[in-house]
Chemist: 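Quick one: this structure, given as structure tokens, is what I'll be asking you about.
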Protein chains: 2
Amino acid sequence: MTGRRTSDDLKEVIRDFRRDQVIDVARRLFGERGTIDVSMDEIASEAGVARSTVYVYFANRSELLRACLQGMYSQLLEAIASTWEEEAEPSRRLGHLVEEMLAVVDESPAFFRLALITQGTQARDGEVVGAELALIGLDIARLLHDLLVEGIAQGTFRTLDPDLAIGLVGQQIYGAMAVRAAEPMPRDRSTVSAEIVEFILHGLAA
Amino acid sequence: MTGRRTSDDLKEVIRDFRRDQVIDVARRLFGERGTIDVSMDEIASEAGVARSTVYVYFANRSELLRACLQGMYSQLLEAIASTWEEEAEPSRRLGHLVEEMLAVVDESPAFFRLALITQGTQARDGEVVGAELALIGLDIARLLHDLLVEGIAQGTFRTLDPDLAIGLVGQQIYGAMAVRAAEPMPRDRSTVSAEIVEFILHGLAA
DNA sequence: TAGCTATCGGACACTGTGTCTGATTTACGG
DNA sequence: CCGTAAATCAGACACAGTGTCCGATAGCTA
């Protein structure tokens, strides 16, 4: 049994590596063409493995989708976190948050398009994706909540129910992401996020 | 050939009636459970016709979907038009517009969830639905445009690029619809639309 | 070298779509 | 009231995709 431990560990590393290999391909394909018309066959062959092998790593299509979403999400959180600390001013933080979320959309528009709707649906891929997305939404809402409370305390934002504000701001971002996901040639990300923040802050009224 | 003309007309009426019969069922089922896990089999049997008969009226699943969307849309336009004339004040008009759009969501949340996102996708049902939705979006954008220009002229809204404003307001409405479509127990429609309009007008800033 | 394990490739059952056909019903004109 | 034409039916078909299973194989390890 000499080296059994390290041997097992190695297996695990290899396993993870393979898994990631499939996830990467899947994310790319889903991102380009949406989840529905990308078959497991195609993902497998593109990743250079047999279809049956994919089912060794992922119980089913939904598991694979979930893994893709998790990857997308941790990437998003990482990006947000990296700008979060270096910028304390609430409206600027909001700007960064928006920009990062738009960046996710830009990376995999078609994937994102699906990811958005399936919230709460029990459609083909929806069930699992929806549950996953809801959790992501909660996390973002938490960030938004802290940001708003701080902004209100600092006097940047006017005093209003944070939960209401989260809903409204969240909707604005959500809409911006969805619309952007449908655009063939999205405009410059930082310009767009600046416009959005400006609108969120001041509205339309004269 | 006596009576051929009227006979043909009658056939057409019957045909339309049957068509509508199927569309009604489809809209209900799609609305309740989304489009993807409702099969043509189920729609047919629920409508009391053979599956093959459905294919007489609709070339394929996408045609049926498109017909459902058109029904939804003309209903929406009708509802908007009825409140449009009786209210000239821009921000009130906006309120009505928002409220009617939320009403559409309330009627068929699951359907709507899909409809929103598939814009521009070539996913299973997405291609056709997307094209249809884009046209609808254009019409709503036109309404929004007129409303904004008038509001700016009247001094209700501050002076800013109407196209930019359409985008931002549109995103807010879009987001509100999508979020509402995912909620199991949506809040009172007029309260929500009032909140949305208030936000659109004044934003968060102190 | 022998054995273990991951992978392969392909067959399988199942579900849903869209097409087609031949039988049956319905409605209308004579 | 009967015959014809159209609408509708039930069901078979080909096709595509998912998920399961299994025997063969290749590569590593003892």
Side-chain angles (χ1 to χ4, degrees), chain A residues 1-22 25-26 29-30 33-67 114 122-129, chain B residues 1-22 25-26 29-30 33-67 114 122-129:
Chain A
M1 292 237 181
T2 324
R4 181 64 183 279
R5 179 85 266 124
T6 50
S7 181
D8 276 8
D9 286 356
L10 178 60
K11 302 268 152 142
E12 215 157 292
V13 170
I14 291 177
R15 190 184 160 84
D16 283 356
F17 182 80
R18 292 283 212 166
R19 245 183 85 98
D20 287 348
Q21 197 179 336
V22 175
V25 171
L29 292 179
F30 286 158
R33 312 212 315 266
T35 76
I36 296 172
D37 69 307
V38 174
S39 70
M40 297 296 273
D41 265 303
E42 190 174 355
I43 293 168
S45 75
E46 193 88 1
V49 296
R51 195 165 68 95
S52 51
T53 307
V54 175
Y55 281 97
V56 172
Y57 292 111
F58 305 93
N60 49 41
R61 187 188 174 79
S62 297
E63 283 304 309
L64 176 55
L65 258 176
R66 176 183 280 153
L114 178 116
Q122 66 278 47
R124 168 127 166 255
D125 294 332
E127 200 167 1
V128 187
V129 178
Chain B
M1 291 239 180
T2 324
R4 182 64 183 279
R5 178 86 264 124
T6 49
S7 181
D8 274 10
D9 285 357
L10 178 60
K11 301 269 153 143
E12 215 157 293
V13 171
I14 291 176
R15 191 184 158 85
D16 283 357
F17 182 80
R18 291 285 211 165
R19 245 183 86 98
D20 287 349
Q21 196 178 337
V22 175
V25 171
L29 292 179
F30 287 157
R33 313 212 314 266
T35 76
I36 296 172
D37 69 307
V38 174
S39 70
M40 296 297 272
D41 265 303
E42 189 175 356
I43 293 168
S45 74
E46 193 88 3
V49 296
R51 195 165 69 96
S52 50
T53 306
V54 176
Y55 281 97
V56 172
Y57 292 112
F58 306 93
N60 49 41
R61 186 188 174 79
S62 297
E63 283 304 309
L64 176 54
L65 258 175
R66 176 183 280 153
L114 178 117
Q122 67 278 45
R124 169 126 166 255
D125 293 332
E127 200 168 0
V128 187
V129 178

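Chain identifiers are assigned alphabetically (A, B, ...) following the order of the sequence lines, protein sequences preceding nucleic acid strands; residue numbering begins at 1 within each chain. Just so it is clear, the values below take in all heavy atoms, side chains as well, and ignore hydrogens, waters and symmetry mates.
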Chemist: If you take all heavy atoms of A/R19 and A/A67, which pair is closest and at what distance?
Modeler: NH2-CB, 4.0 Å

Chemist: Between atom CZ in A/R33 and atom P in D/dG17, what is the gap in whole Å?
Modeler: 11 Å

Chemist: Can you find a side chain N or O atom of A/Y57 that sits less than 4.0 Å from OP1 or OP2 on C/dT7?
Modeler: yes

Chemist: Just the rounded figure in Å: distance from P of D/dA7 to CG of B/D16.
Modeler: 13 Å

Chemist: In whole angstrom, what separates A/R61's CZ from C/dC14's C1'?
Modeler: 17 Å

Chemist: Output the rounded distance in Å from OH (A/Y55) to P (D/dG19).
Modeler: 4 Å

Chemist: Report the distance from atom CG of B/L64 to atom P of C/dG16, rounded to the nearest whole Å.
Modeler: 16 Å

Chemist: Taking CD1 from B/I43 and P from C/dG16, how many angstroms apart are they, rounded to a whole number?
Modeler: 12 Å

Chemist: Measure distances between side-chain N and O atoms of A/S52 and base N and O atoms of C/dG9, and say whether any donor-acceptor pair falls under 3.5 Å.
Modeler: yes

Chemist: Does A/V56 or A/R51 map to a spot on DNA chain C nearer the 5' end, using the closest nucleotide for each?
Modeler: A/V56

Chemist: Does a nitrogen or oxygen in the side chain of B/T53 sit under 4.0 Å from OP1 or OP2 of D/dC9?
Modeler: yes

Chemist: Output the single nucleotide from C/dC8, D/dA10, D/dG19 whose closest atom is nearest the side chain of A/A50.
Modeler: C/dC8

Chemist: Could you check whether A/V49 gets within reach of a base, just the sugar-phosphate, or nothing at all, counting any heavy atom under 4.0 Å?
Modeler: sugar-phosphate

Chemist: Of all heavy-atom pairs between A/V22 and A/I43, which one has the smallest distance, and what is that distance?
Modeler: CG1-CG2, 4.1 Å

Chemist: Quick one, B/V49 with B/R18, criterion side-chain contact (heavy atoms from CB on, under 4.5 Å). Give me CA distance, side-chain angles, the key distance, then yes/no.
Modeler: CA-CA 9 Å; B/V49 296; B/R18 291 285 211 165; 3.9 Å; yes

Chemist: Rounded to whole Å, please give me the gap between CG in A/D41 and P in D/dG19.
Modeler: 12 Å

Chemist: Give the minimum heavy-atom separation between B/R51 and B/D41, together with the two atoms involved.
Modeler: CD-OD1, 3.3 Å

Chemist: Carefully, step by step, assess B/Y55 and B/M40 under the rule side-chain contact (heavy atoms from CB on, under 4.5 Å).
Modeler: CA-CA 9 Å; B/Y55 281 97; B/M40 296 297 272; 3.6 Å; yes

Chemist: With a non-hydrogen cut-off below 4.0 angstrom, is A/R18 in contact with a base, only sugar-phosphate, or nothing?
Modeler: sugar-phosphate

Chemist: Roughly, in whole Å, what's the span from CG in B/L29 to P in C/dG16?
Modeler: 14 Å

